Amino acid sequence: MAETSNIVKYREPGKRERTPAHIHLIIEMYVKYAYNPSLTLKLRDHILTMLSQIKPITLFPPSLQCFKPEHAEPFKELDKVGEFTVEFLLAAIELVAIQEKTNYPTGTLTENLYKSFGVKDRFQVIQKAIWRG
């Protein structure tokens, strides 16, 4: 089985390469939640559905397994706030989940993080996002 890189990276035009970690993605969700809670919870539910379908990979680099650009359309309103678009969030979260499923087959951090979002105290969720164990 091919092991994926431990890091998902991206580069905005004219900027340096960046690494979106769990904490960046979950904070972005809280920014969007402050703007529109009900739509953000629908986004969370979409993310959880996506995460339940992710499978480990055997080839590198990975291909997105679930994401389609039209999946972001119902959530476009959330693009008005925060640093990341919903399209970017969906793709980045999926890549992180593929990495986790491949490198840590019994790992559940990504899925548990989004299950906790909007349900548990945000400080607990943020603590879970920065955990390095």
Side-chain angles (χ1 to χ4, degrees):
M1 180 181 306
E3 184 167 308
T4 63
S5 168
N6 286 330
I7 301 173
V8 174
K9 295 182 179 200
Y10 74 100
R11 182 190 323 263
E12 293 178 87
K15 295 189 178 182
R16 66 179 177 81
E17 191 170 72
R18 297 177 70 189
T19 304
H22 286 294
I23 188 66
H24 302 117
L25 301 172
I26 207 68
I27 293 295
E28 184 72 12
M29 290 290 289
Y30 279 111
V31 168
K32 292 178 183 321
Y33 183 82
Y35 174 71
N36 187 329
S38 63
L39 188 58
T40 306
L41 291 177
K42 289 177 184 170
L43 174 60
R44 180 223 34 216
D45 293 344
H46 177 81
I47 290 167
L48 287 170
T49 298
M50 174 185 74
L51 293 175
S52 72
Q53 298 170 13
I54 300 294
K55 304 286 183 234
I57 62 167
T58 57
L59 299 172
F60 186 81
S63 296
L64 292 171
Q65 299 173 16
C66 300
F67 175 77
K68 292 182 178 33
E70 58 267 22
H71 292 171
E73 287 302 317
F75 310 106
K76 277 291 197 198
E77 178 70 17
L78 297 175
D79 288 349
K80 292 181 179 179
V81 297
E83 184 175 346
F84 303 133
T85 64
V86 171
E87 184 173 334
F88 177 85
L89 275 176
L90 290 174
I93 292 166
E94 182 170 337
L95 287 170
V96 168
I98 290 169
Q99 172 189 311
E100 181 181 78
K101 291 278 187 180
T102 302
N103 294 341
Y104 310 101
T106 60
T108 59
L109 175 63
T110 303
E111 188 171 354
N112 287 339
L113 190 59
Y114 291 94
K115 281 181 180 176
S116 298
F117 176 83
V119 177
K120 293 196 175 182
D121 176 295
R122 74 176 173 266
F123 297 104
Q124 286 181 323
V125 177
I126 291 168
Q127 185 64 37
K128 192 180 292 187
I130 60 174
W131 180 78
R132 297 203 186 266

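Because the structure is predicted, anything quoted here is derived from the model rather than measured.
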Point to revise | Full working for side chain to side chain contact (heavy atoms under 4.5 Å, CB included) between Y30 and V125 | key: CA-CA 10 Å; Y30 279 111; V125 177; 3.5 Å; yes
Exercise for review: Apply side chain to side chain contact (heavy atoms under 4.5 Å, CB included) to the pair K76 and E73, showing each step before the final yes or no.
Suggested key: CA-CA 5 Å; K76 277 291 197 198; E73 287 302 317; 3.6 Å; yes
N/O donor-acceptor pairs under 3.5 Å from side chains in residues 85-98, not counting sequence neighbours:
from: T85; atom 1: OG1; to: F88; atom 2: N; distance (Å): 3.0
from: E94; atom 1: OE1; to: C66; atom 2: N; distance (Å): 3.4
from: E94; atom 1: OE1; to: F67; atom 2: N; distance (Å): 2.9
from: E94; atom 1: OE2; to: Q65; atom 2: N; distance (Å): 2.3
from: E94; atom 1: OE2; to: C66; atom 2: N; distance (Å): 2.8

Partners meeting salt bridge (charged side-chain N to carboxylate O under 4.0 Å, His left out) with [X] (sequence neighbours left out):
| X | result |
| --- | --- |
| K120 | none |
| K115 | E111 |
| K80 | E77 |

Check your understanding: side chain to side chain contact (heavy atoms under 4.5 Å, CB included) with L109: which residues, sequence neighbours excluded?
Key ->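 Once residues adjacent in sequence are excluded, the partners of L109 under the side chain to side chain contact (heavy atoms under 4.5 Å, CB included) criterion are H22, E100, K128.
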Taking every non-hydrogen atom, the tightest pair across [X] and [Y]:
| X | Y | value |
| --- | --- | --- |
| I57 | L59 | CD1-O, 3.0 Å |
| A129 | I26 | CB-CG2, 3.7 Å |
| S52 | T49 | OG-O, 2.7 Å |

Check your understanding: What pairs with T108 under side-chain hydrogen bond (donor to acceptor under 3.5 Å, both in side chains), at least two apart in sequence or on another chain?
Key ->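 side-chain hydrogen bond (donor to acceptor under 3.5 Å, both in side chains) list for T108, sorted by chain: N112.
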Point to revise | Results of side-chain hydrogen bond (donor to acceptor under 3.5 Å, both in side chains) for T106 - residues two or more places apart only | key: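 Not a single residue meets the side-chain hydrogen bond (donor to acceptor under 3.5 Å, both in side chains) criterion with T106.
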Check your understanding: Mind checking whether Y114 and L25 have side chains closer than 4.5 Å, heavy atoms only?
Key ->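 Yes, their side chains come closer than 4.5 Å.
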Point to revise | ILVMFWY network linking V119 to L51, side-chain heavy atoms under 4.5 angstrom | key: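 Each belongs to a different hydrophobic cluster.
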Review point. Measuring from L78:CG to L39:CG, what's the distance to the nearest 0.5 Å?
Key: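 Result: 4.0 Å between the selected atoms.
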Point to revise | Selection residues 51-71 - residue pairs positive for salt bridge (Lys or Arg N to Asp or Glu O under 4.0 Å), sequence neighbours left out | key: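 Passing the test, one end in residues 51-71: no pairs.
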Review point. Which pairs pass salt bridge (Lys or Arg N to Asp or Glu O under 4.0 Å) with one or both residues in residues 26-41, sequence neighbours excluded?
Key: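 Only E28-K32 qualify under salt bridge (Lys or Arg N to Asp or Glu O under 4.0 Å).
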Pair up each side-chain donor or acceptor in residues 41-48 with any protein partner under 3.5 Å, not counting sequence neighbours, and list the distances.
from: R44; atom 1: NH1; to: F117; atom 2: O; distance (Å): 2.9

